[in-house]
Amino acid sequence: MPDWDLRDKACIVGVGSTAYGVFPETDAVGLGIDALRAAVDDAGITFNDIDGVILNRLPYDRFAEVANLQTPFLMPTEAHGRFSAIALNMAVEALATGQAKTIALVYGNDGRSSKMKYGGGAGFWAPWGFTSPGASHAMMYRRHMARFGTTPEDLAHVATAFRHHATMNPNAVMQKPITIPDHQASRHVCDPLRLLDYCLINDGGVAWIMTTSERAKDMKQKPVYVSGYARQDDFSQNSYPADDFWYPALQKVATQIYERAGIGRDDIDGLMIYDNFSPTVLFALEGLGFCKQGEGGAFVRDGTLQLGKGRWPTNTSGGHLSESYMQGWALIVEGVRQLRGGQVPPERQIANAKALQFLLATPVSASIILRNDA
Amino acid sequence: MSYVKPLPEPDKWSGPFFEAARNERLAAQRCTATGKFFFPPAPVSPFTRDKNWSWETLSGRGKIASFVVMHQKYFPGFADEIPYAVIEVELDEGVRLISNIIELGSLTLEVGMPVEVVFLKATDDFTLPVFKPAT
C-alpha cells in the first residue's frame, strides 16, 4: 500500500491569469474574478459547473458574493505563498473524497496599489531595526555563505536565468535582459542581498480549475495530472531566520515525492521553484537533492537553470524575480501551459515537456509533480 | 532628544525579558524538565508543552551566527544610521537573539565572532540588549 494513493487522480484543466502591474482601478477580488473568468473559459466550462472554491489572499465571503459562487465547498487560505501548494493538494483531496467535482482555485493580490509593506511594521526584532522577509533570507544566506563558501555572485546566476526567460514572456513585469555584472551592480537592499535578488510585488490574479482525471479526459484542454505531492512543515524557528535552510524537512519531501509520483528525478523536464528571494532557489535545489547541501551555488553556475542551456530549465515565465510575485500561483500556470505544449512562445517552450516539478522551501516544505502523459 | 527608533511592545510573556533588560540583565525562560532555554518568550515550554519554566539570567556571551547590513529605510527612526548592521547572536545557553553590534572599532564583522552583551538605555521604560566584541 503506497503512503499516498492520489497519484494522477486529479487534473488541472483550466488556468487563467491577469496582467501583472499596478491596477488601482480594481482590487484583489476584482483581479481574482478576472483570472477566474479566464480560467473558466480556458477550461471550456461555465460558472455553473463550479461546485468547490479554494481561495488565497482573498476575503472568502466577499469573493463568493461578488463572483456569485454558491457552492457546498469553500475554503479560504492564509496570505502566505506556501498556500499555493497546500491549496492544490486540498483540491486533490476534496476531489478524491467527492466533496466537489469541479474546483475553482483563485488567487487575488492588490498588494502593489494598496502599498502593502513587507517590513517596517511592529515585530519582536523591530527595536533592533530587523524587519522584512528579505532580511530574514539575507541572514540565512550569510550563514550559508559562511558555512559552505557560496557567494552573492552565485545568486546572480539564478536572477539572470529567470530574467532571460522573462524576455520571452510578454506578461512579465521585467523583460529587459540582465547580466551577471548588472546583478552585482544593483543596489543592496539587505546585504548580502541586492535588488535583483528580490521578488516583484505587483497586483494580479491567478486561477486554476481542477477536476477528477475521469472528467478531465473529455474536456477542452489536454489534462495536466497531479502525479505527486509531498509536504513537511518545520515551524520550530518561525521567529528566526532558519539556521538549517529547512534542509531536513526538504530532505523528507525529497524521499517521498518521486515514489508518490511513480517517476524519478531523471524523468523531470523542468522546474518551478518558489523564488521569493534568490537564495530560496539554492535552498530548494539542495534540500530536494538536485545537488549536495552547500553546492547550490556551484550547481546554478553556467546556466543550469536556463532554458536552451542547462539541464534544469526553471521558472520559464521569469518567476517571482522577473515575471511577478504571484506567490507560486503563476508558476503553476506556467507549468500547465508548458505541459499542454504550444501555449507559450516557441522559443520559451521546454521541448517535449512531459513532467515538471514544483519546489517550495519555506517553513512549509513541499513539492508537486505535474505530468501530461500519466 | 526623544528616542525615535521602534520601541519594544512587551506582551504578557515577553514583559519579564524587557523588565530584566531595564535592570541590565539578559534573561530567558528555561524549561525546568529539560534544562533547555527557549526564546522568544512563550506560555509553555515547546519541549514539554507544559508551564514548567522559570526565568533565568543568561551569561550574555555568545557568537555571531550571521549578520546583515540593512540598506533599505523601513523605520524612520533608523534612517540616519543606514546602512546599519543587524546581527544574529547564538548565546552560550543555546538561544538566539537578533540585535545590533557596537564598539566594533577596527574589527570586521564576521560569522563566528565572540560577542558579549551591553545594555543601551533607550527610554526610562526600555533598555535594549546589544552586543560588542568579547574582551
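None of these values were measured; they are calculated from a predicted model. Order of the sequence lines fixes the chain letters, A, B, ..., with proteins taken first and strands second; residue numbering starts at 1 for each chain.
Both the backbone and the side chain of E88(B) come within contact range of chain A, with heavy atoms under 4.5 Å apart. Within the 4.5 angstrom heavy-atom criterion, only side-chain atoms of A146(A), from C-beta onward, approach chain B. With a 4.5 angstrom heavy-atom cutoff, R187(A) touches chain B only via side-chain atoms. In this structure, chain A has no heavy atom under 4.5 Å from any part of E81(B). Only the side chain of S132(A) has a heavy atom closer than 4.5 Å to any heavy atom of chain B. Heavy-atom distances place the side chain of Y84(B), and not its backbone, under 4.5 Å from chain A. Of the atoms belonging to V86(B), heavy atoms from both backbone and side chain fall under 4.5 Å from chain A. Contact annotation for P129(B): both backbone and side-chain heavy atoms come within less than 4.5 Å of a heavy atom of chain A.
The aromatic rings of F78(B) and F75(B) sit tilted, their planes meeting at an angle between 30° and 60°. Ring geometry for Y198(A) versus F277(A): interplanar angle over 60°, hence perpendicular rather than tilted (30 to 60°). By the 30° and 60° cut-offs, the orientation of the rings of F245(A) relative to F148(A) is tilted. Relative orientation of the F283(A) and W246(A) rings is perpendicular, given thresholds of 30° and 60° on the angle between their planes.
Chain A is approached within less than 4.5 Å, heavy atom to heavy atom, by R96(B), L97(B), I98(B), S99(B), N100(B) from residues 96-103 of chain B, ordered by number. Contact annotation for residues 25-52 of chain B against chain A (heavy-atom separation below 4.5 Å, listed by residue number): F39(B), P40(B), P41(B).
The distance between the ring centers of W125(A) and Y240(A) falls below 6.0 angstrom.
In this structure, E153(A) pairs ionically with R301(A), as a charged nitrogen and a carboxylate oxygen lie closer than 4.0 Å.
Annotation: the span from H165(A) atom NE2 to N315(A) atom CG amounts to 8.5 Å, rounded to 0.5 Å.
Counted within 6.0 Å of NE2 on H188(A), heavy atoms from surrounding residues, nucleotides or ligands total more than 12; the atom is thus considered enclosed. Taking a 6.0 Å sphere around CG of D124(B), one finds it holds 12 or fewer heavy atoms contributed by other residues, nucleotides or ligands.
Ranked by heavy-atom pairs shorter than 4.5 Å toward chain B, the options D191(A), T131(A), D243(A) are led by D191(A). Interface check for chain B: of the options M145(A), R147(A), Q237(A), the most heavy-atom pairs under 4.5 Å are formed by Q237(A).
F130(A) places none of its side-chain heavy atoms less than 4.5 Å from the side chain of F124(A). Side-chain contact between Y141(A) and D154(A): present, with at least one pair of heavy atoms (C-beta onward) separated by less than 4.5 Å. Between M140(A) and P241(A) the shortest side-chain heavy-atom distance falls below 4.5 Å. When side chains are defined from C-beta on, V364(A) counts as touching R231(A), because their heavy atoms get closer than 4.5 Å.
Between the side chains of D275(A) and H320(A), at least one donor-acceptor pair of N or O atoms lies under 3.5 Å.
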